[in-house]
Protein chains: 2
Amino acid sequence: MKISAQEEYGLRCILQLARKGAGEIGTISEIAGKEGLSVEYTGKLMMLLRHAHLVESLRGKNGGYVLGAVPEEISLGQVMRALSKPLFLEETCDDYPGQVAECVHRRECSIRPVWVTIGTLFNGMLDNLCLADLFDNEAAVASKVRQRLLLEMCPVH
Amino acid sequence: MKISAQEEYGLRCILQLARKGAGEIGTISEIAGKEGLSVEYTGKLMMLLRHAHLVESLRGKNGGYVLGAVPEEISLGQVMRALSKPLFLEETCDDYPGQVAECVHRRECSIRPVWVTIGTLFNGMLDNLCLADLFDNEAAVASKVRQRLLLEMCPVH
DNA sequence: TCAAATCCGGACAACTTTGTCAAGTTTACC
DNA sequence: GGTAAACTTGACAAAGTTGTCCGGATTTGA
């Protein structure tokens with residue numbers, strides 16, 4: 001269980017863009033330089049974000065990327081989904097069926113609720129955190145993560 | 001971000017063993033059959049569990065595997081660590097440093113607290129769930145997962 | 001029109017993960 | 001002893017992930 005390189009680096013790239021002023025352009029080479037990534041790889045990551053409409057590209061000289069919305073309106077969930085297909089997935093049972101056509105645990109699976117519960121909380125929390133939330137210092141962000149997770153676990157009806 | 005095949009299948013295998021009576025032997029082919037996995041692959045997974053001393057092997061005819069402890073004393077955290085090295089890892093920054101020798105975000109990293117907080121809660125929750133907890137039905141397990149996670153978030157001092 | 005700066009995207013090599021295979025070793029039982 | 005049932009282990013093929021390369025397209029501005 002780990003964060004993939006694409007998820008981690010892609011999030012860092014869009015965060016670099018988000019830290020700039022509204023509408024300010026960031027180029028691939030600028031972002032690559034700031035993150036210590038190759039220009040080629042950074043380009044690939046930005047393409048993924050662009051296909052998800054989280055950033056917009058401006059081609060040609062003086063071109064670059066701008067955020068597709070204000071940092072308050074782009075959730076970490078959106079970013080993660082743009083960078084990795086299933087995202088923690090509640091479909092672990094479908095993904096790992098074994099050799100049997102239908103998952104052996106189709107009827108009653110005691111592992112599924114573990115992953116599903118964690119996955120649901122995790123996804124909900126990421127959907128309730130936005131890029132702007134990450135502008136704060138480490139302690140503040142950690143506190144916000146807990147707060148959003150708690151919100152997921154004990155929703156106010 | 002996903003559960004790896006080794007983690008998922010390995011957990012299922014040891015759970016098959018845990019469901020048996022105390023000291024009862026389960027063979028690789030029996031477990032493989034129940035889980036719809038190949039005998040060879042199942043053998044490899046059991047080896048991982050054995051190296052972590054979570055199961056013991058009995059060689060020779062009539063041999064097989066037995067749980068290394070009662071199901072109440074084997075935590076999901078132990079199982080996961082046996083099956084995958086870093087386990088959600090709080091070392092994401094170390095793992096993905098980019099091309100720069102030191103992580104660009106060494107001093108202040110606003111992404112780190114997200115993964116660290118999640119990872120800490122996640123690990124704590126897995127350490128507070130044991131194989132016996134998974135004997136219940138889906139709804140009961142889901143409830144237990146939430147309860148343990150809450151325990152991690154709001155520890156009683 | 002041309003050159004420079006920039007993004008675009010497919011091909012591909014390196015690496016990791018997944019799963020299989022085959023040649024062992026050990027033990028029980030006849 | 002011999003044979004069958006079981007685990008052990010390393011090599012390796014298949015598949016997925018990571019990151020690079022390179023020829024191209026687009027825009028600006030001289």
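Just so it is clear, the structure is predicted and the values come from calculations on it, not from any experiment. So you know, we letter chains A, B, ... as the sequences are listed, proteins then strands, and number each from 1.
- Using a 4.5 Å cut-off between side-chain heavy atoms of Ile, Leu, Val, Met, Phe, Trp and Tyr, B:Leu58 falls into a hydrophobic cluster with B:Ile25, B:Val66.
- Distance, A:Met46 CE to C:dG9 P: 14 Å, rounded to whole Å.
- To the nearest 0.5 Å, the span separating CD1 on B:Ile31 from CG on B:Leu17 amounts to 5.0 Å.
- Residue A:Ile31 contributes atom CD1, which lies 8 Å from atom P of C:dC7 at whole-angstrom precision.
- A salt bridge does not link B:Glu7 with B:Lys2: none of the charged nitrogens is closer than 4.0 Å to a carboxylate oxygen.
- Between D:dC22, D:dC7, D:dT9, one nucleotide has an atom nearer to the side chain of A:Glu40 than all others, and that is D:dC22.
- Summarising the geometry, the separation between CD1 on A:Ile25 and P on C:dA5 is reported as 16 Å, rounded to the nearest angstrom.
- Spacing between atom CG of B:Leu45 and atom P of D:dC7 amounts to 13 Å, rounded to whole angstrom units.
- Taking every side-chain heavy atom of B:Gln6 into account, C:dT18 is the closest of C:dT18, D:dT8, D:dT20.
- Linking ILVMFWY residues whenever their side-chain heavy atoms come closer than 4.5 Å, directly or via other members, places B:Val55 and B:Val39 in the same cluster.
- Residues A:Gly63 and A:Arg50 both approach DNA chain C. Their nearest nucleotides, taken by heavy-atom distance, put A:Gly63 toward the 5′ side.
- Picking from C:dG9, D:dC7, D:dG19 the nucleotide with the shortest atom distance to the side chain of B:Ser57 gives D:dC7.
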(Q) Before you tell me yes or no, could you show the steps for B:Asp127 and B:Arg148 under salt bridge (Lys or Arg N to Asp or Glu O under 4.0 Å), namely the whole-Å CA-CA distance, both residues' side-chain angles and the distance that decides it to 0.1 Å? (A) CA-CA 9 Å; B:Asp127 284 335; B:Arg148 300 305 154 85; over 6 Å; no
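- In this structure, A:Ser38 does not reach the D:dG19 phosphate: none of its side-chain N or O atoms is under 4.0 Å from OP1 or OP2.
- Phosphate contact (OP1/OP2 of C:dT17, side-chain N/O of B:Tyr41, threshold under 4.0 Å): absent.
- Tracing side-chain contacts under 4.5 Å through hydrophobic residues (I, L, V, M, F, W, Y), one never reaches B:Val70 starting from B:Leu134; they form parts of separate clusters.
- Checked against side-chain hydrogen bond (donor to acceptor under 3.5 Å, both in side chains), B:Arg146 has no partners two or more places apart in sequence or in another chain.
- The pair A:Lys20-A:Glu30 counts as a salt bridge, with a side-chain nitrogen and a carboxylate oxygen less than 4.0 angstrom apart.
- Protein atom CD of A:Glu8 is 16 Å distant from nucleotide atom C1' of D:dG19, rounded to whole Å.
- Between B:Ile28 atom CD1 and C:dG19 atom C1' there is a gap of 14 Å when expressed in whole angstrom units.
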Table of protein N/O atoms under 3.5 Å from nucleotides 23-28 of chain C N/O atoms:
residue : atom : partner : partner atom : Å
C:dT25  : O2   : B:Arg59 : NH2          : 2.8
C:dT26  : O2   : B:Gly60 : N            : 3.4
C:dT27  : O2   : B:Lys61 : N            : 3.0
C:dA28  : O3'  : B:Asn62 : ND2          : 3.1

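- In this entry the distance linking CG of B:Leu83 with P of C:dT17 reads 14 Å, nearest Å.
- By the side-chain hydrogen bond (donor to acceptor under 3.5 Å, both in side chains) test, B:Ser29 pairs with B:Thr27, sequence neighbours left out.
- Alongside A:Met47, the hydrophobic cluster contains no other residue (criterion: ILVMFWY side chains under 4.5 Å).
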For nucleotides 12-16 of chain C, tabulate all protein N/O to nucleotide N/O atom pairs closer than 3.5 Å, reporting atom names and distance.
none

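- Taking 4.0 angstrom as the limit, A:His51 places a side-chain polar atom (N or O) nearer than this to OP1 or OP2 of C:dG9.
- The separation between B:Lys2 atom NZ and C:dT17 atom P is 12 Å, rounded to whole Å.
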